[in-house]
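Just below is one structure, and these are the notes that go with it.
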Amino acid sequence: MVTIAINVVLVGAVGCAAVESRAGDSRAATDGTPLPSSPGTAGADRTVDLEQYIYATGHCYTWRQEISKSDVKDVPCEDRHLFEAVDDTDLDKEYSSSAFYPRPEEWPDIIARYCSQMMDEYLGYPLDPYGRFGAGAVYPDSVGWEQGDRSVTCGIVASGTETDSLTAFMPFEGWVPAVGTCFSDDAGHLTETSCAAPHNLQSIGAVTVPGTPPGDGPPSDSWLDEQASQLCADLAAPYLRTDRFDSASLTPQWNPIDPESWRAGTRRTSCYVGFVDENGTSVPVHAAMPVPAA
């Protein structure tokens, strides 16, 4: 067991967004007091020391993000977690013992080069470039780097951040949002949020689009909507019988599948109950829909 600083880079899922703890800061608070975070950077201004160094392929891990030093829990992948370990790699062929510690803006490219192919081989297909997940990594802090540590553990992480500014990485379970998860939709950008906070979508499950679109390329929006609409309507039907929300009507909705995602092999999309006014305009609500009994 070795205490290291956690640095994680999200690559691929939404552009090339880097989210990491501050490199070169080996200080750690020991009283559990949350450290400050800059708005929009989701914890990039703090160091979290993890008391674990080895991560087993195919295992899923979680830790406390709001404190400066945390143990790591190996949890079932169907439970909420932050990181699914894929495999280890080493940077020593590219970075000698005298090499400078990479700058923060260099890590996304490093992780893309070392981890992306590893992810494809692990999954058996390419990561969806517009999907919910991306390649991430646990890599050494500057102190470990100076001592010669060049080891990197590549893994799967969820893209995006939660609204809590002290939470650096999005917890997830499985490969689709858990049923009952609430989201706010800002011009097509979904952000997971508490169901007690304003939101206008609630996840109800996922469906696989059947059939083959006309032609050889990705489907048109109209073809995809035709396929997904009935599937998601079937999932939404039990929710639509509720009279809990007087201020909003309920409607089934779904995620589009981008052409790049279709070419990467994605045929699965998430379904939601959306909250709208009488004109069909999205409106926020402040409570969760009860999940229907099985």
Side-chain angles (χ1 to χ4, degrees), residues 1-13 15-57 61-73 82-119 134-159 161 165-170:
M1 301 290 284
V2 179
T3 300
I4 62 170
I6 180 72
N7 298 268
V8 178
V9 173
L10 308 180
V11 176
C16 190
V19 181
E20 63 175 351
S21 59
R22 180 167 51 196
D25 188 347
S26 60
R27 294 178 293 112
T30 59
D31 60 0
T33 303
L35 300 181
S37 174
S38 300
T41 59
D45 289 339
R46 76 176 190 277
T47 296
V48 180
D49 292 332
L50 298 184
E51 295 182 340
Q52 181 158 325
Y53 193 75
I54 297 174
Y55 297 83
T57 297
Y61 299 92
T62 189
W63 54 83
R64 293 183 63 185
Q65 301 191 92
E66 77 280 9
I67 61 177
S68 59
K69 188 173 184 178
S70 175
D71 59 355
V72 176
K73 294 182 179 179
L82 301 173
F83 185 75
E84 180 176 343
V86 170
D87 209 347
D88 298 329
T89 188
D90 205 294
L91 310 183
D92 58 357
K93 292 183 179 179
E94 183 177 354
Y95 295 91
S96 68
S97 59
S98 60
F100 289 107
Y101 188 70
R103 298 187 302 273
E105 61 269 22
E106 294 180 284
W107 280 110
D109 179 66
I110 293 172
I111 301 308
R113 287 188 283 113
Y114 279 84
C115 294
S116 294
Q117 183 176 350
M118 191 181 293
M119 299 293 146
V138 177
Y139 58 88
D141 68 351
S142 59
V143 175
W145 185 275
E146 290 297 325
Q147 296 172 348
D149 185 2
R150 300 291 186 271
S151 60
V152 170
T153 300
C154 297
I156 297 167
V157 291
S159 60
T161 60
S165 63
L166 292 177
T167 302
F169 308 111
M170 179 80 80

Derivation and outcome, side chain to side chain contact (heavy atoms under 4.5 Å, CB included), residues Phe83 and Ile156: CA-CA 6 Å; Phe83 185 75; Ile156 297 167; over 6 Å; no
Centroid-centroid distance, Tyr139 to Trp145, less than 6.0 Å: no
Ile110 vs Tyr95, side chain to side chain contact (heavy atoms under 4.5 Å, CB included): CA-CA, chis, key distance, verdict: CA-CA 11 Å; Ile110 293 172; Tyr95 295 91; 3.3 Å; yes
Gap between atom CZ of Arg113 and atom CE of Met118 - 0.5 Å precision: 13.0 Å
Residues forming a ring-ring contact (aromatic ring centres under 6.0 Å, His included) with Tyr114, sequence neighbours excluded: none
Set of residues satisfying salt bridge (Lys or Arg N to Asp or Glu O under 4.0 Å) with respect to Glu146, sequence neighbours excluded: none
From CA spacing to verdict: side chain to side chain contact (heavy atoms under 4.5 Å, CB included), Cys115, Val86: CA-CA 9 Å; Cys115 294; Val86 170; over 6 Å; no
Heavy-atom pair with the smallest gap, counting every atom of Asp141 and Gly144: OD1-N, 2.9 Å
With sequence neighbours excluded, residues passing side chain to side chain donor-acceptor pair (under 3.5 Å) with Ser96: Ser98
4.5 Å side-chain heavy-atom contact, Ile111 and Cys154: no
Under 3.5 Å donor-acceptor, Tyr61 side chain and Ala56 backbone: yes
Check: Ala137 main-chain N/O paired with Trp107 side-chain donor or acceptor under 3.5 Å: no
Cationic N near anionic O, under 4.0 Å, Glu94 to Arg150: no
Minimum side-chain heavy-atom gap Lys93-Asp90 below 4.5 Å: no
Side chain to side chain donor-acceptor pair (under 3.5 Å) against Thr153, all qualifying residues, sequence neighbours excluded: Asp88
Side chain to side chain contact (heavy atoms under 4.5 Å, CB included) assessment of Trp63 paired with Leu82: CA-CA 8 Å; Trp63 54 83; Leu82 301 173; 3.6 Å; yes
